[in-house]
Amino acid sequence: MSNTPFNTLRDVEKRSLIHAVGLPEQALAQGTWSGIAFQVADLNLVSEISDIVEILTVPSLTVVPGAKDWVMGVANVRGTLVPVIAFRLFLGGGRTTHTKYSRVLVVQQSGGVVGLLIDEVQGQRHFLVEDLSQAGHYAEQAIAPYLTREYLKGEEFWGAVDFTRLVNNPVFMQAAA
């Protein structure tokens, strides 16, 4: 075997794989659910991890003329045009103040991708079956039609967002002003 840089790298890879130690398995106990937690205004929300393709800092946007005020514009995310929605404004709240914590959740649905501007990502949260709440804390909120369930963890309520319900909502689909 010749001593080319490629062959040297291949040899290093083989030797490292022989000595590699696997990551410990992370198994959640039965009866638990985990999701990505985020905040929009004063709403604590959580979504399926698999629904979120990417979490971005607020990208450069190109304004879309004739769009509703909650359509912030489109962003070029690695060659894909992603419409970015001001989620708080869509829900009837005020504009999100851009802070160092503001993020865009890129959500993949059957019709493509969409970015949702949120106030803050709070990481991963784990919920037990006994955390399920029937209190209807979010029942009167504009987010209610897009929630599948609510959790009460400590003294905080968390609404589980179903992005399929959101993007298939006729109001959401009618982004033209």
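Starting from 1, each residue takes its place in the sequence as its number.
No side-chain donor-acceptor contact under 3.5 Å links N169 to the backbone of L166. Side chain of D119 to main chain of A41: a donor-acceptor pair is present (N/O by atom type, distance under 3.5 Å, no hydrogens or angles). Without hydrogens or angle criteria, R165 side chain to L147 main chain gives a donor-acceptor distance under 3.5 Å. Proximity of a side-chain donor or acceptor of D51 to a complementary backbone N or O of S47 within less than 3.5 Å is not detected.
In this structure, F157 has its ring center at least 6.0 angstrom away from the ring center of Y138.
Linking Ile, Leu, Val, Met, Phe, Trp and Tyr whenever their side-chain heavy atoms come within less than 4.5 Å leaves V106 and F38 in two separate clusters. In terms of hydrophobic clustering, with Ile, Leu, Val, Met, Phe, Trp and Tyr side chains grouped at heavy-atom distances under 4.5 Å, V107 and I49 are assigned to a common cluster. In the hydrophobic cluster analysis, where Ile, Leu, Val, Met, Phe, Trp and Tyr join through side-chain heavy atoms closer than 4.5 angstrom, V113 is grouped apart from I52. Under a hydrophobic-cluster definition in which Ile, Leu, Val, Met, Phe, Trp and Tyr are linked whenever side-chain heavy atoms come within less than 4.5 Å, directly or via other members, V40 and L56 are assigned to different clusters. L45 and F163 end up in the same hydrophobic cluster when Ile, Leu, Val, Met, Phe, Trp and Tyr side chains are linked at under 4.5 Å.
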**Prompt:** Yes or no on side-chain contact (heavy atoms from CB on, under 4.5 Å) for T32 and F127, after CA distance, side-chain angles and deciding distance?
**Reply:** CA-CA 5 Å; T32 63; F127 300 94; over 6 Å; no
**Item:** Derivation of the side-chain contact (heavy atoms from CB on, under 4.5 Å) call for I85 and M72
**Value:** CA-CA 6 Å; I85 307 302; M72 297 175 62; over 6 Å; no
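Annotation for L152 and E155: closest pair CD1-C, 3.9 Å, computed over non-hydrogen atoms. Residues P145 and A142 approach most closely at CD-O, 3.2 Å, considering heavy atoms. Of all the heavy atoms in R125 and A37, the pair that sits closest is CG-CB, 3.4 Å. Closest approach of M173 to N168, counting heavy atoms only: SD-O, 3.5 Å. Pairing each heavy atom of V167 with each of F172, the nearest pair is CA-CD2, 3.5 Å.
Residues W33 and L128 have side chains not in contact (no heavy-atom distance under 4.5 Å, counting atoms from C-beta outward). Proximity of W158 to Q122: side-chain heavy atoms (C-beta onward) are separated by under 4.5 Å at one or more points. At least one side-chain heavy atom of Q39 sits under 4.5 Å from a side-chain heavy atom of N44. Side-chain atoms of L105 and V121, non-hydrogen and from C-beta on, do get closer than 4.5 Å to each other. Looking only at side-chain heavy atoms (C-beta outward), V82 and V104 stay at 4.5 Å or farther from each other. S102 has its side chain within reach of L117: a pair of non-hydrogen atoms, C-beta onward, lies under 4.5 Å apart. Between I36 and E48 there is no side-chain heavy-atom pair separated by less than 4.5 Å.
Atom-to-atom distance recorded for T164:OG1 and Q108:CD is 10.5 Å, nearest 0.5 angstrom. A distance of 7.0 Å separates CG of L132 from CZ of R149, quoted to the nearest 0.5 Å. Here the straight-line distance linking atom CG of L43 with atom NE2 of H137 works out to 7.5 Å at 0.5 Å rounding.
By the side chain to side chain contact (heavy atoms under 4.5 Å, CB included) test, A75 is found to be paired with P59, L61, V77, V84, residues two or more places apart in sequence or in another chain being considered.
Between Y146 and F90, the ring-plane angle classifies as tilted under the 30° and 60° cut-offs.
In this structure, a donor-acceptor pair under 3.5 Å is absent between the side chains of R103 and Y101. For the residue pair S34/H126, the side-chain donor-acceptor check at 3.5 Å is satisfied.
Relative to the six-membered ring of W70, R95 misses at least one condition, a distance below 6.0 Å or an angle of at most 45° to the axis.
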